[in-house]
Amino acid sequence: MATMFRYPVFPHLQDPCGPGRSVMAEPDYLEGDCDELIQPKKLNNPVKSSRNHQDLHRELIMNQKRGLAPQNKPELQKVLEKRKREQVIKAQKEEQEAHKKRSDLEIELMKRQQKLEQLELEQQKIQEEQENTPEFVKMKGNLRRTKQEAGGEEQAT
């Protein structure tokens, strides 16, 4: 059972119109009561009444019935994809500008980095060659070094 909310009874705050009446005035005529009054008519929307709009609307309805919806993706997904494309393009442009505008210091650092990379490659090649050499060649090199070191110590004393 629904209970109705009642205002507390305070004589100085009571509704002057009485408990059953509203504060707003009711119109003194009812619908269809007076034929003398001019009834408002609904205005035509110029966009909807235009021939182009009607053709487009008819085409959209036919495509929807056939299942050929022109927009398969939601608007939010389209906006996100557009933003992503713009970010990728912006990043590519920034990268190209960074390559174009290199200072003298950056150029010198790049040259040094290339030299270091070449030295590392050469050392790797030498190391690979040493690993591929037979064991007796390595031992012969070790004997030569020890012989030279022993000869150098005798000359120093």
Side-chain angles (χ1 to χ4, degrees), residues 1-10 12-15 19 22-25 27 31 39-157:
M1 179 174 174
T3 58
M4 292 181 44
F5 180 78
R6 292 186 172 214
Y7 292 103
V9 179
F10 297 109
H12 61 284
L13 296 177
Q14 282 187 353
D15 190 9
S22 66
V23 178
M24 289 182 52
E31 288 185 37
Q39 298 294 326
K41 293 183 180 179
K42 188 175 181 180
L43 297 175
N44 290 334
N45 187 348
V47 174
K48 287 188 177 182
S49 62
S50 72
R51 186 76 177 155
N52 289 338
H53 179 78
Q54 291 173 357
D55 292 340
L56 179 64
H57 187 65
R58 190 178 313 111
E59 184 179 342
L60 286 172
I61 289 174
M62 290 182 69
N63 284 341
Q64 186 177 8
K65 286 180 183 177
R66 290 182 195 157
L68 303 172
Q71 298 174 349
N72 292 334
K73 296 181 182 177
E75 187 176 351
L76 178 62
Q77 188 176 1
K78 288 181 181 179
V79 170
L80 291 175
E81 288 176 356
K82 183 178 178 183
R83 281 187 186 173
K84 193 173 186 179
R85 279 194 305 264
E86 289 174 354
Q87 286 177 351
V88 169
I89 291 170
K90 186 177 179 181
Q92 288 175 349
K93 285 182 180 179
E94 288 177 358
E95 188 175 323
Q96 289 175 353
E97 289 177 7
H99 286 299
K100 289 179 183 177
K101 298 179 181 178
R102 289 191 176 160
S103 65
D104 294 336
L105 177 64
E106 287 178 323
I107 294 171
E108 192 64 34
L109 289 174
M110 291 292 288
K111 287 179 183 177
R112 288 186 182 185
Q113 184 181 3
Q114 288 175 353
K115 287 179 184 178
L116 287 174
E117 288 175 359
Q118 287 177 353
L119 288 173
E120 287 178 5
L121 287 174
E122 289 175 6
Q123 288 177 354
Q124 286 179 354
K125 287 180 184 178
I126 292 170
Q127 216 172 24
E128 288 174 4
E129 288 175 4
Q130 287 178 354
E131 289 175 1
N132 293 337
T133 56
E135 185 71 28
F136 70 92
V137 176
K138 290 180 188 176
M139 294 303 292
K140 187 175 180 183
N142 286 342
L143 288 173
R144 283 186 188 163
R145 263 188 259 126
T146 55
K147 185 176 180 184
Q148 288 174 353
E149 289 175 4
E153 288 178 6
E154 291 176 4
Q155 290 177 357
T157 54

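Treat the numbers as computed from the prediction; the structure is a model and nothing was measured. Index from 1, following the sequence.
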#### Entry: Euclidean distance, L80 CG relative to K78 NZ, rounded to 0.5 Å
12.5 Å
### Query
If you look only at pairs with a residue in residues 50-66, which of them pass as a salt bridge (charged side-chain N to carboxylate O under 4.0 Å, His left out), with sequence neighbours excluded?
D55-R58
### Task
Check whether any side-chain heavy atom of L143 sits under 4.5 Å from a side-chain heavy atom of K147, and report yes or no.
no
### Query
Pairs in or reaching into residues 111-127: which pass salt bridge (charged side-chain N to carboxylate O under 4.0 Å, His left out), with residues at least two apart or in two chains?
none
### Summary
Residues passing the side-chain contact (heavy atoms from CB on, under 4.5 Å) test with P46, sequence neighbours excluded, are none
### Spacing of E106 atom CD and Q113 atom CD [to the nearest 0.5 Å]
11.5 Å
### Task
Using side-chain hydrogen bond (donor to acceptor under 3.5 Å, both in side chains) as the criterion, list what pairs up with N142, not counting sequence neighbours.
R145
### Query
How long is the span from the CG atom in L121 to the CG atom in L116, to the nearest 0.5 Å?
11.0 Å
### Task
Rounded to the nearest 0.5 Å, what's the gap from CD on E129 to CD on Q127? Could you check?
11.0 Å
## Note on the structure
Residue set satisfying side-chain contact (heavy atoms from CB on, under 4.5 Å) with R85, at least two apart, ordered chain then number -> E81, K82
### Task
Report the residues that fulfil side-chain contact (heavy atoms from CB on, under 4.5 Å) with V47, sequence neighbours left out, ordered by chain and then residue number.
N45, H53
### Message
Going by side-chain contact (heavy atoms from CB on, under 4.5 Å), name the residues that satisfy it together with S49, two or more places apart in sequence or in a different chain.
### Response
none
